[in-house]
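Accompanying notes for the structure given below.
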Amino acid sequence: MDSLGALRRTHNCNTLGLDNLNQEVVLMGWVLRRRDHGGVIFIDLRDRWGITQIVFNPEVNPEPHAKAHQLRSEWVLAVKGKVEARPGDMENPKLKTGAIEIMVSELRILNTSKTPPFPLDEDSEVSDNIRLQYRYLDLRRPEIGANLVMRHTATQAARSFLCENGFLEIETPMLTRSTPEGARDYLVPSRVNAGKFFALPQSPQLFKQLLMMGGMDRYFQIVKCFRDEDLRADRQPEFTQIDLELSFVGEDDIMAIAEGLVKQVFAATRGIALNPPFPRMSYQEAISRYGNDKPDTRFGLELVDLTEKLRGCGFKVFNAVIEGGGIVKAINAKGCGTFSRKDLDDLTNYAGTFGAKGMAWIKVKEDEWQSPITKFFNENEIEAMRQALNAEPGDLILFGADSVAVVNQVLSELRLELGRRLNLTDNSVFNFLWVTDFPLVEFDAERKRYAAVHHPFTAPLDEDLELLETEPLKVRSRAYDLVLNGSEIGGGSIRIHTTEMQAKMLNLLGIADEEAEEKFGFLLRALEFGAPPHGGIAFGLDRLMMMLTGSGSIRDVIAFPKTQKATCPLTDAPGSVARKQLTELHLRPDWKEA
RNA sequence: GGGGUCGUAGUUCAGUUGGUUAGAAUGCCGGCCUGUCACGCCGGAGGUCGCCGGUUCGAGCCCGGUCGGCCCCGCCA
């Protein structure tokens, strides 16, 4: 093995071209592939930026050529040599540097490598846990590496936009206190204070509000947040927010800032010119038309409410649901009248995973409505459905009949599934949508009390204030979510900034005065000292990067992600700790010593 | 907490109705090769069929359990 010594790179592996002919250059990188012809040897040398072919020719430079025979995948090299045009028609159009090659005059082997456990080229499929176990090798592959580069570009764009608009980047504590509401906390035991615990922040929510009360006026932070809940393809227990908060503003100001930020990020990363302002839709409308509060507006197939049109109909299943206070809604799957029995069974099973007890369907034919249930409807009802659904021959109607919540969830999932099956989800289209006018609270049936839909610091809409004590479920909040292609990528609100309103809100949530004082006393006190009107928003950076990179998994945009069981195959975290560590933390282990 | 799916060579996979010595591609090792770019040709090594138990004359294959990857429901203010 050789020493790097004083040798330094003159270029990276993606820059050289015909402009550099006959220059003497120094490149460093990894052996991607070698092609040893016995005589001449070609090596594809790879670094973060790209690939350059280097050549060892025994007739030109016998010494490095002799040395090059031993080179293997992922060995680390420094090479000095002359930039030469490739002879004749030997150019490689697949490489940016494909017009040239480096005739090596000096080879330094900086390190050897074991044979990699999986191929590092771009098109090999490798299982997730091997990739994560050797993540440092996975990062050398183009896919993940390029995603991290784009992530860097995105955060830099966000930073510069926010700085230009007067925001201060301020850090907030990672060791903070657990507060009620919200997700399960990650807890950190305190050694110095026996029996007390810190919690890792689910978000910097209260601190950023306190920064507004501290007169910082405009704050942002690109910050880790922690929620100890089960994982999904778009959810990790630690994730990153672009978090911001502004003083003396209303919804429109914050939305405009958010739109400007997103616009700058899209331009910087993908060269896509967005045209804000983005459309807005009320929560009620989103639920009614799409069945959920983060509609994918790239395609139609909207939900149609048939409850009143079918009240008293001859189909007992529907009628019983309607009599019982439930609803009947339907989707017209345009042109899906050709679906087979198996297709319909698959969709029914899929609906079942979201709580549907069944799924009625009708195939609209030229002269009849083909379905096991058509016979239960009279002509008026069929005509009413035809009009409401704009049903034409060749269409397929799918029904949901159940409680409001189940119908909306089932049909919204069916709609998305149909969108995927019919290839209506075009990943080159970016449909942004603001969802506004969320309910302030919902009723938690299990705990028999109201719970904040957004969080307990979200301000109610002024015009709904009088309903706060009489019909709290009808009160709308000043919260807003930013939705992109059916994925919630940001959310925020105007906050409560008076002690009275905050106390009223905590009261509504069934948090007693003593508890409020203990858990939120510091916030209530701060509100007493001239808190400015303020509000903000936080973007889920990971989800945003999934959209920008077209990744199917959040793991593909995070350098060192966790598995679905929230472990890290690379470090084998979480791991065990010594008994002494626990006792120092005043914790009593209940496991047996190994 | 629940449902689905996968687990066979370093890697990606095939493996029939339960039947002799578990295969392919690629990678790896050795040899040959002076213009390749997924170089080519010849040869070779490489397996606890995730693990435990059961059924059977006989299990990669069937059954039960368990561990792990992934997807989903619940959960995620």
Side-chain angles (χ1 to χ4, degrees), chain A residues 32-45 51-60 65 69 72-74 84 86-95 97-98 101 103 114-134 137 179-185 202-203 205-206 225-237 239 349-356 406 409-410 413 417 438-442 444 446-447 450-458 477 479 488 491 493 505 509 511 538 540 552-553 555 562-565 567 569:
Chain A
L32 175 60
R33 257 187 289 271
R34 76 192 160 102
R35 292 176 291 280
D36 186 341
H37 288 244
V40 67
I41 298 172
F42 301 98
I43 301 272
D44 291 334
L45 192 69
I51 296 166
T52 300
Q53 173 167 283
I54 61 177
V55 188
F56 298 87
N57 189 321
E59 287 173 5
V60 182
H65 174 264
H69 274 297
R72 292 294 183 272
S73 286
E74 299 309 309
E84 295 188 349
R86 297 200 187 184
D89 55 351
M90 300 293 177
E91 291 190 8
N92 184 347
K94 287 186 241 166
L95 288 187
T97 60
E101 60 194 8
M103 186 60 68
K114 291 175 71 173
T115 301
F118 53 85
L120 298 191
D121 54 41
E122 45 201 317
D123 30 42
S124 299
E125 294 280 327
V126 183
S127 70
D128 275 45
N129 77 351
I130 291 172
R131 286 174 53 193
L132 292 186
Q133 194 181 339
Y134 298 92
L137 297 180
T179 51
E181 309 279 312
R184 194 176 294 111
D185 284 318
Q202 296 179 25
S203 82
Q205 182 60 36
L206 292 175
C225 303
F226 305 87
R227 294 177 190 177
D228 188 4
E229 300 291 350
D230 288 346
L231 293 82
R232 288 287 188 281
D234 63 351
R235 250 161 54 186
Q236 286 265 307
F239 61 99
N349 288 336
Y350 189 69
T353 66
F354 300 98
V406 169
Q409 186 182 358
V410 166
E413 295 294 344
E417 176 64 15
F438 283 82
L440 184 68
V441 295
E442 61 196 350
D444 183 337
E446 205 172 304
R447 296 155 72 187
Y450 295 110
V453 167
H454 194 56
H455 57 51
F457 320 106
T458 296
S477 73
E488 182 200 327
S493 63
M505 182 66 188
L509 298 176
I511 299 174
S553 166
R555 292 182 298 278
K562 304 226 171 356
T563 66
Q564 220 215 351
K565 282 198 70 190
T567 65

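Chain naming here is simple, since letters A, B, ... match the order of the sequence lines and numbering starts at 1 in each.
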Which listed nucleotide ([options]) is nearest to the side chain of [X]?
X        : options             : result
A:Arg232 : B:C71, B:C70, B:C75 : B:C75
A:Ala183 : B:G68, B:C28, B:C76 : B:C76
A:Glu229 : B:C76, B:G69, B:C28 : B:C76

Has [X] got a side-chain N or O lying under 4.0 Å from the OP1 or OP2 atom of [N]?
X        : N     : answer
A:Thr563 : B:G69 : yes
A:Gln409 : B:G74 : yes
A:Ser127 : B:U12 : yes

Could you please name the partner base of [N], counting Watson-Crick and G-U wobble pairs only when both distances are under 3.5 Å?
N     : value
B:U16 : none
B:U34 : none
B:A22 : none
B:G47 : none
B:G53 : B:C63

Each nucleotide of nucleotides 35-47 of chain B classed B (base within 4.0 Å of a protein heavy atom), S (only sugar-phosphate) or -, in 5' to 3' order, makes BBBSB--------
Interatomic distance at [atom1], [N] relative to [M], whole Å:
N     : M     : atom1 : result
B:G10 : B:G47 : P     : 7 Å
B:C32 : B:A24 : C1'   : 25 Å
B:C13 : B:G27 : C1'   : 14 Å
B:A22 : B:G60 : P     : 10 Å
B:G50 : B:G68 : P     : 16 Å
B:C37 : B:C73 : C1'   : 49 Å
B:U5  : B:G65 : P     : 14 Å
B:U16 : B:U8  : P     : 16 Å

Write down the distance between [atom1] ([X]) and [atom2] ([N]), rounded to a whole number of angstrom.
X        : N     : atom1 : atom2 : value
A:Arg72  : B:G27 : CZ    : P     : 13 Å
A:Glu59  : B:C33 : CD    : P     : 14 Å
A:Arg131 : B:G10 : CZ    : P     : 20 Å
A:Asp121 : B:U11 : CG    : P     : 15 Å
A:His65  : B:C33 : NE2   : C1'   : 11 Å
A:Glu413 : B:C73 : CD    : P     : 6 Å
A:Ile130 : B:G27 : CD1   : P     : 17 Å
A:Asp230 : B:C71 : CG    : C1'   : 13 Å

So A:His69 and A:Phe56, ring-ring contact (aromatic ring centres under 6.0 Å, His included) or not? Walk me through it. CA-CA 9 Å; A:His69 274 297; A:Phe56 298 87; 9.3 Å; no
Remember a base hit wins even if backbone is also touched, and classify A:Pro117 as base, sugar-phosphate or nothing at under 4.0 Å, heavy atoms.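 Answer is sugar-phosphate: A:Pro117 comes under 4.0 Å of backbone atoms only.
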Salt-bridge test for A:Arg35 and A:Asp44: reply yes if a basic N is under 4.0 Å from a carboxylate O, no otherwise.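 Yes, A:Arg35 and A:Asp44 are salt-bridged.
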Once rounded to the nearest 0.5 Å, what's the spacing between atom CZ of A:Arg33 and atom CD1 of A:Ile51?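 Between A:Arg33 CZ and A:Ile51 CD1, I get 7.0 Å after rounding to 0.5 Å.
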CG-CD1 distance between A:Asp36 and A:Ile43, expressed to the nearest 0.5 angstrom: 8.0 Å
Around atom OH of A:Tyr134, are there more than 12 heavy atoms of other residues, nucleotides or ligands at under 6.0 Å? no
Any non-hydrogen side-chain atom of A:Thr115 less than 4.5 Å from a side-chain atom of A:Arg72?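 Of all side-chain heavy-atom pairs linking A:Arg72 with A:Thr115, none is under 4.5 Å.
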Please check this pair: side chain of A:Thr52 against backbone of A:Leu45, looking for a donor-acceptor N/O pair closer than 3.5 Å.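 Absent.
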I want to confirm an ordering. Mapping A:Phe354 and A:Pro180 to their closest nucleotides on RNA chain B, which one lands closer to the 5' end?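 That would be A:Phe354.
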Considering heavy-atom distances to RNA chain B, does A:Ser203 or A:Thr567 have its closest nucleotide positioned more toward the 5' end? A:Thr567
Carefully, step by step, assess A:Thr179 and A:Gln202 under the rule side chain to side chain contact (heavy atoms under 4.5 Å, CB included). CA-CA 10 Å; A:Thr179 51; A:Gln202 296 179 25; 5.9 Å; no
Please evaluate the base of B:C75 for a donor-acceptor partner in the side chain of A:Arg235 within a cut-off of under 3.5 Å? yes
Return the orientation label for the A:His455 and A:Phe457 ring planes: parallel under 30°, perpendicular over 60°, tilted otherwise. tilted
